[in-house]
Engineer: 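Input: one structure, supplied below.
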Amino acid sequence: MKKGQLHLVESTVVIFVFFIMIMVAMSIYSNYQKDKLERMKIDLNEQKATQIARKILFTPELECSNNNARTLDCVEIQKLQPFVDRVRQNPAYYREEFQNSRVMIKWVYAPSFFGTFSAPEFFTQNPGDLLPTTTQKTIFDFKTGGESYRTFTFPVSLWDKRVVPEWSYFGWLIVEVNI
Amino acid sequence: MLMNKKGMTSTVFNWVFVLIAGALIMLFFFRVINTQSQINENELTVTILKDMEDIIIGKQISTDSASEVKIANQNFEMECQEPCNELTGCDSWLGIKRAETRIELRTQPVFSIKKLTADKMYAFAAGWDVPFHTTNFLYLAVPGEKLIFPNDCNSDPLCNKVYTLIPQKLKAARIVIQGDYVGPTKYKKYIEFGVFSGDNTREREIVIDEPNKQIHFYEKGVFKKTEYYFLEEAIIGAVFTQDHQTYSCNMKKSFYKLRNMVKVLEGKRQYMEDYSPADPIFCKLHFQNIRPILSLFDTRYSSLNIPRIEELNNKKIELENENNELARGSCSSMY
């Protein structure tokens, strides 16, 4: 091989190697940026999930009030069944509002609740049951299966407005949101 | 001659090499810069949207004072338009048009102008209690927007009430002003109570017609449309909104929410009618009285007219009285 040819081959190899290096650098960089964007999207979705959970906690359909004086972190038991019925009648609206989420309510503790009064119907299997027999109930389920989701558990007061002043029990509002 | 040709080939090749290498290096750096600026823009958008969403959700929950959110002169747009329907709300969002992420507002009433470009945005909310709490109206405004109330606002009780309901922060920022504002500005709207000014130099004007509970929208002195308002919070909505279409779109969303609330409260009422251990006859009677009142609130914005609005206002008072009666008789309150 002549000196000139050798130089030409050498230059070609250098270009080729240089080209490969640039391609590798570009792909590493674009992968890194793609990951960064993905992380941002996940962050945003997680934040959205938190917002949905907060929205459910404060929805006017379930909130506790006495002459419009509202109590925070509180769910009125007597509004639960009508709300469940309304969501069944108009699921598209509530899916729009609460996205892909599932909401459950759990009766945990009712101080000095025994004997004279039956438990609220929403938490019993048979009317007249003295103690709650179905302690956890799903309010609605718009969650899509198979995807990752976050669970938020909020401690809430459960207001029983059959009596005045209302009785307050302790419960959990469990919100699962797809992210 | 041959050597010369070889030398030429080598020189040409070297130049081609330099060109290709240079082009590749430049391409790489251009791409890095381009991607980086896109990422930065996306990051900024996401951060702003996060802050905005925090505020929007926060205001849905509680109606505290006005908040400020920095939006770094991004071209925010607010849309609320048809089609609207009871099942999925309206086609409504807040965001940057070219950005992927938007805040969907299909069911939440948000009153603002369409183009929100400024370094910061003001947000405040007011509860729409009809009389029971139904939703929070969210109002957005940016510096450069001028919402002009009449000079003699204090002498008109409704004008005074509406003006007082707007947080001081927006008055201090000279967004909500009394009198007039001379000079160019992003968006200017005059609010009149009672009679149309007849001034066709005014870009936008709304006239609140209290006896008929109507709002008349004018643009450059030309009448555009009449809409209805139910409670003062809706008047503030008309003040902060772009035009009659966005006002009507947001009111439709509010009435969809109201219908859902009525259904839930009716369910509760039916239950309470049969379950009032304190004074069963008295409580039952008042819970029964509430039934026809509540059913009147089961209405759509599009079906409003002057007698209907009048009726809604009367029934609001009746429902408040019934609720007070329930409390007086040691029964559970309706709301």
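Keep in mind that the numbers below use all heavy atoms, side chains included, and drop hydrogens, waters and symmetry copies. Letters A, B, ... are given to chains in the order of the sequence lines, protein chains preceding strands, and every chain is numbered from 1.
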Engineer: Take a 6.0 Å sphere around CZ of B/F282 and say whether it holds more than 12 heavy atoms from other residues, nucleotides or ligands.
Structural biologist: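 Yes, CZ of B/F282 has more than 12 neighbouring heavy atoms, counting only those of other groups under 6.0 Å.
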Engineer: Could you tell me which of A/V14, A/I52, A/N67 has the largest number of non-hydrogen atom pairs under 4.5 Å with chain B?
Structural biologist: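 Most heavy-atom pairs under 4.5 Å with chain B: A/N67.
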Engineer: Taking atom NZ of A/K106 as the centre, report whether more than 12 heavy atoms of other residues, nucleotides or ligands fall under 6.0 Å from it.
Structural biologist: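 No, NZ of A/K106 has 12 or fewer neighbouring heavy atoms, counting only those of other groups under 6.0 Å.
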Engineer: At a 4.5 Å cut-off on heavy atoms, which part of A/T59 comes close to chain B: side chain, backbone, both, or neither?
Structural biologist: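 Answer is side chain: those atoms of A/T59 sit under 4.5 Å from chain B.
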Engineer: If you round to the nearest 0.5 Å, how far is CG of A/N68 from OH of B/Y335?
Structural biologist: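 Answer for the OH-CG pair, B/Y335 versus A/N68, is 6.0 Å.
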Engineer: Looking at B/E104 and A/K48, does any basic side-chain N land under 4.0 Å from a carboxylate oxygen?
Structural biologist: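 Salt bridge between B/E104 and A/K48, a charged N being under 4.0 Å from a carboxylate O: no.
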Engineer: Using heavy-atom distances under 4.5 Å, tell me whether A/A69 contacts chain B through its side chain, its backbone, both, or neither.
Structural biologist: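 Neither; nothing under 4.5 Å.
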Engineer: Sort A/F19 into side chain, backbone, both or neither according to what part of it lies under 4.5 angstrom from a heavy atom of chain B.
Structural biologist: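 Contact with chain B: backbone and side chain both.
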Engineer: Quick check: are there more than 12 heavy atoms from other residues, nucleotides or ligands sitting under 6.0 Å from NZ of B/K70?
Structural biologist: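 No - once you tally the heavy atoms of other residues, nucleotides and ligands closer than 6.0 Å, there are 12 at most.
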Engineer: Please give me the minimum heavy-atom distance between A/F83 and B/V264, naming the atom from each residue.
Structural biologist: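 For A/F83 and B/V264, the tightest heavy-atom pair comes out as CA-CG2, 4.0 Å.
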Engineer: Rounded to the nearest 0.5 Å, what's the gap from CD on A/Q89 to CG on B/N260? Could you check?
Structural biologist: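 A/Q89 CD to B/N260 CG: 9.0 Å, rounded to 0.5 Å.
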Engineer: Is a side-chain donor or acceptor of B/S332 paired with a backbone partner of A/K161 at a separation under 3.5 angstrom?
Structural biologist: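 At least one qualifying donor-acceptor pair exists.
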Engineer: So which of B/G89, B/G267, B/A327 has the largest heavy-atom pair count under 4.5 angstrom toward chain A?
Structural biologist: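 Result: the option with the highest number of such pairs is B/G267.
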Engineer: Could you walk me through whether B/R106 and A/Y93 pass the side chain to side chain contact (heavy atoms under 4.5 Å, CB included) test, one step at a time?
Structural biologist: CA-CA 9 Å; B/R106 298 193 68 93; A/Y93 180 90; over 6 Å; no
Engineer: With side chain to side chain contact (heavy atoms under 4.5 Å, CB included) as the test, would you mind laying out the steps for A/R162 and B/Y271 before giving the verdict?
Structural biologist: CA-CA 9 Å; A/R162 294 176 301 174; B/Y271 179 86; 3.1 Å; yes
Engineer: Counting heavy-atom pairs closer than 4.5 Å to chain A, which one of B/K257, B/R31, B/E86 comes out on top?
Structural biologist: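 Looking at each option in turn, the highest pair count goes to B/K257.
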Engineer: If you measure only the distance, is there a donor-acceptor pair under 3.5 Å linking the side chains of A/E96 and B/T107?
Structural biologist: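 There is no such pair (donor and acceptor under 3.5 Å, judged by atom type) between the side chains of A/E96 and B/T107.
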Engineer: Measuring heavy-atom distances to chain B, does A/E166 have an atom under 4.5 Å in its side chain, in its backbone, in both, or in neither?
Structural biologist: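 When you check distances to chain B, no heavy atom of A/E166 falls under 4.5 Å.
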Engineer: Given B/K268, which of A/Q78, A/E76, A/Q81 fulfils the side chain to side chain donor-acceptor pair (under 3.5 Å) condition?
Structural biologist: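 Looking at A/Q78, A/E76, A/Q81, the match for B/K268 under the side chain to side chain donor-acceptor pair (under 3.5 Å) is A/E76.
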Engineer: Stepwise, does the side chain to side chain contact (heavy atoms under 4.5 Å, CB included) test hold for A/R95 with B/T88?
Structural biologist: CA-CA 8 Å; A/R95 187 187 285 273; B/T88 52; over 6 Å; no
Engineer: Looking at every heavy atom in both A/P60 and B/T134, which two are closest together, and how far apart are they?
Structural biologist: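 Between these two residues, the closest heavy atoms are CG-O, 3.3 Å.
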Engineer: Just how far is it from atom CG of B/L265 to atom CZ of A/R86, taken to the nearest 0.5 Å?
Structural biologist: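 Reported value, rounded in 0.5 Å steps: 12.0 Å.
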Engineer: Where on A/N90 is there a heavy atom nearer than 4.5 Å to chain B: the side chain, the backbone, both, or neither?
Structural biologist: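 Contact with chain B involves the side chain of A/N90 alone.
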